[in-house]
Asks: 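Structure provided below as structure tokens; questions to follow.
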Amino acid sequence: MKLSREFYRDRDALVAARDLLGKTLVTSFQGRRTAGIITETEAYLGVNDRASHAYGGRRTARNETMYADGGTAYIYLCYGIHHLFNVVVLGPDEPHAVLIRAIHPTEGLDIMLERRGQQKLTTGGPGTLSQALGIHTSHNGSDLVTGPIHLEDGGMVVERADMIIGPRIGVDFAGEDALLPFRFRYESGRVGQVLPYTPT
DNA sequence: CAGCAGATTGACT
DNA sequence: GTCAATCTGCTGC
């Protein structure tokens, strides 16, 4: 069933990043429904997190949506090319967000393949999953409770033993905050552990 | 206003 | 392993 407004308001980005593993991300544009199970997330903890776009209370046209109410989609363009999808949590003016980094496709595989324009369907990165699901920066600010993008609880339970926790990717500019274990990945059969820090 | 780096990806040496 | 693609925002002239 669809996640409610309260789900998004009632937890900060760190807790939400963990709780969103195993949930289903669904898009429905022009009657074309595509979906996948969330397998990797990252938490961005608002104004005190140096890796966050909202660090220090920064507010620009691009990151304005981070300050919206919980249950809003924050979608921004990364490296001028990739449309990265984030789930805003907590209340207005509490700019916490969870970046969805990977999904396991479950519905509309043919549509996703067509959108990707590749021979093989890959949704293992934040840019590729957005393209597969048809998510675009034009959907920035979309309401996840009433809009064309939403999340569902499909009853999947992600156990701690199948969860890998490690530092976030591509945030070396954030100094010591780059080391924080704010990335969560579902990997069946693996023992829960903290990944070693490996600068890229 | 110019330069640069960034929550990335895929093509290529 | 290297590098180009190309939009936003920050820094410095």
Side-chain angles (χ1 to χ4, degrees), chain A residues 8 12-21 23 25 36 38-68 70 72-90 94-105 112-142 144 149 151 164-186 194-195 197-200:
Chain A
Y8 301 108
D12 67 20
L14 190 55
V15 175
R18 188 190 63 207
D19 290 351
L20 286 176
L21 283 184
K23 298 294 189 292
L25 174 57
I38 295 170
T39 56
E40 188 172 348
T41 61
E42 277 178 2
Y44 287 86
L45 296 235
V47 301
N48 296 315
D49 179 359
R50 292 179 65 183
S52 169
H53 288 165
Y55 176 62
R58 188 157 51 103
R59 220 165 162 145
T60 65
R62 178 177 69 154
N63 75 358
E64 181 61 30
T65 305
M66 287 193 83
Y67 294 84
T72 303
Y74 170 45
I75 302 155
Y76 73 93
L77 202 57
C78 184
Y79 292 105
I81 301 174
H82 305 291
H83 304 248
L84 269 51
F85 173 74
N86 297 254
V87 176
V88 175
V89 294
L90 296 183
E94 295 178 287
H96 279 222
V98 177
L99 170 68
I100 307 302
R101 289 195 63 90
I103 62 167
H104 174 75
M112 292 195 257
L113 203 53
E114 172 196 321
R115 286 173 178 150
R116 290 275 299 134
Q118 301 280 333
Q119 299 253 318
K120 190 177 176 185
L121 180 59
T122 56
T123 53
T128 61
L129 79 85
S130 285
Q131 189 181 21
L133 291 170
I135 293 172
H136 188 267
T137 50
S138 60
H139 302 119
N140 181 38
S142 179
L144 298 175
I149 307 172
L151 287 97
I164 293 185
I165 303 173
R168 295 171 291 185
I169 302 293
V171 294
D172 289 353
F173 62 88
E176 59 185 19
D177 284 0
L179 305 175
L180 296 169
F182 287 176
R183 180 161 57 104
F184 298 84
R185 189 149 59 102
Y186 169 72
V194 173
L195 291 176
Y197 174 56
T198 51
T200 48

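These values consider heavy atoms only, across backbone and side chains, with no hydrogens, waters or symmetry-generated copies. Labels below follow one simple rule: chain letters A, B, ... track the order of the sequence lines, proteins then strands, and each chain is numbered from 1. Since we're looking at a predicted model, the values are computed, not measured.
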Asks: Checking base pairs now: Watson-Crick or wobble, both atom distances under 3.5 Å. What partners C/dC13?
Replies: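 Because no pair has both required distances under 3.5 Å, C/dC13 counts as unpaired.
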Asks: Please state the P separation for the pair C/dC13 and B/dA5 - nearest whole angstrom.
Replies: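 One P to the other, the span is 16 Å.
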Asks: Give the rounded distance in Å between these two atoms: NE2 of A/His53 and P of C/dT8.
Replies: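 Value for this atom pair: 13 Å.
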Asks: Using the benzene-type ring in the case of Trp, are the ring centres of A/His96 and A/Tyr44 under 6.0 Å apart?
Replies: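 Centroid separation for A/His96 and A/Tyr44: 6.0 Å or greater.
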Asks: Nearest 0.5 Å please: distance from the CG atom of A/Asn86 over to the OG1 atom of A/Thr41.
Replies: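 Rounded to the nearest 0.5 Å, the CG-OG1 separation comes out at 11.0 Å.
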Asks: For A/Leu77 and C/dA5, give me the distance from atom CG to atom C1', rounded to whole Å.
Replies: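 Checked: the CG to C1' distance equals 11 Å.
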Asks: Side chain of A/Arg116 only, heavy atoms from C-beta on: which candidate in B/dG10, B/dT9, C/dC10 is closest?
Replies: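 Minimum distance to the A/Arg116 side chain belongs to B/dG10.
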Asks: Rounding to a whole Å, what distance do you find between A/Tyr76:OH and C/dT6:P?
Replies: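 For the pair A/Tyr76 OH and C/dT6 P, the rounded distance is 19 Å.
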Asks: Report the distance from atom CG of A/Leu121 to atom P of B/dG10, rounded to the nearest whole Å.
Replies: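 Rounding to the nearest Å, CG of A/Leu121 and P of B/dG10 are 11 Å apart.
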Asks: Does A/Asp177 reach the side chain of A/Arg168, with side-chain heavy atoms less than 4.5 Å apart?
Replies: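 Of all side-chain heavy-atom pairs linking A/Arg168 with A/Asp177, at least one is under 4.5 Å.
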Asks: CG of A/Asn63 versus C1' of C/dT8: gap in Å, rounded?
Replies: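 Distance check: A/Asn63 CG to C/dT8 C1' gives 11 Å.
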Asks: Using purine N1 to pyrimidine N3 plus N6-O4 or O6-N4 for Watson-Crick, or N1-O2 and O6-N3 for G-U wobble, each under 3.5 Å, what pairs with C/dT6?
Replies: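 Its partner is none (no Watson-Crick or G-U wobble pair with both distances under 3.5 Å).
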Asks: Of the listed nucleotides (C/dT8, C/dC10, B/dT9), which one gets closest to any side-chain atom of A/Arg62?
Replies: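 So the nucleotide nearest the side chain must be C/dT8.
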Asks: Using a 4.0 Å heavy-atom cut-off across all strands, classify A/Ala61 as base, sugar-phosphate, or nothing.
Replies: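 Answer is sugar-phosphate: A/Ala61 comes under 4.0 Å of backbone atoms only.
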Asks: In whole angstroms, how far is the C1' atom of B/dT9 from the CD atom of A/Glu40?
Replies: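 Spelled out: CD on A/Glu40 to C1' on B/dT9 is 15 Å.
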Asks: The side chain of A/Thr60 lies closest to which of these nucleotides: B/dT8, C/dG9, B/dA11?
Replies: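 So the nucleotide nearest the side chain must be C/dG9.
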Asks: Under a 4.0 Å threshold between the charged nitrogen and the carboxylate oxygen, would A/Glu42 count as salt-bridged to A/Arg101?
Replies: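 Here A/Arg101 pairs with A/Glu42 in a salt bridge, since their nearest N and O are under 4.0 Å apart.
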Asks: Given B/dG10, C/dC10, B/dT8, which nucleotide is nearest the side-chain atoms of A/Thr122?
Replies: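 Given the options B/dG10, C/dC10, B/dT8, the side chain of A/Thr122 is closest to B/dG10.
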Asks: Once you round it to whole Å, what is the distance between C1' of C/dC3 and OH of A/Tyr79?
Replies: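 Result: 13 Å.
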Asks: Looking at every strand, decide which applies to A/Thr128 at a 4.0 Å heavy-atom threshold: base, sugar-phosphate, or nothing.
Replies: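 Sugar-phosphate, no base atom in range.
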Asks: Provide, to the nearest angstrom, the distance between the CD atom belonging to A/Gln131 and the P atom belonging to C/dA5.
Replies: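 So the CD-P distance, A/Gln131 to C/dA5, works out to 18 Å.
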Asks: Determine the interatomic distance between C1' on B/dG10 and the same-named atom on C/dT8; round to the nearest Å.
Replies: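 22 Å, rounded to whole Å.
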Asks: Side chains of A/Leu14 and A/Val98: closer than 4.5 Å at any heavy-atom pair?
Replies: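 Side-chain contact under 4.5 Å: no.
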Asks: Considering only the P atoms, how many Å lie between B/dC1 and C/dT6, rounded to the nearest integer?
Replies: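 Per the computed distance, 22 Å lies between those P atoms.
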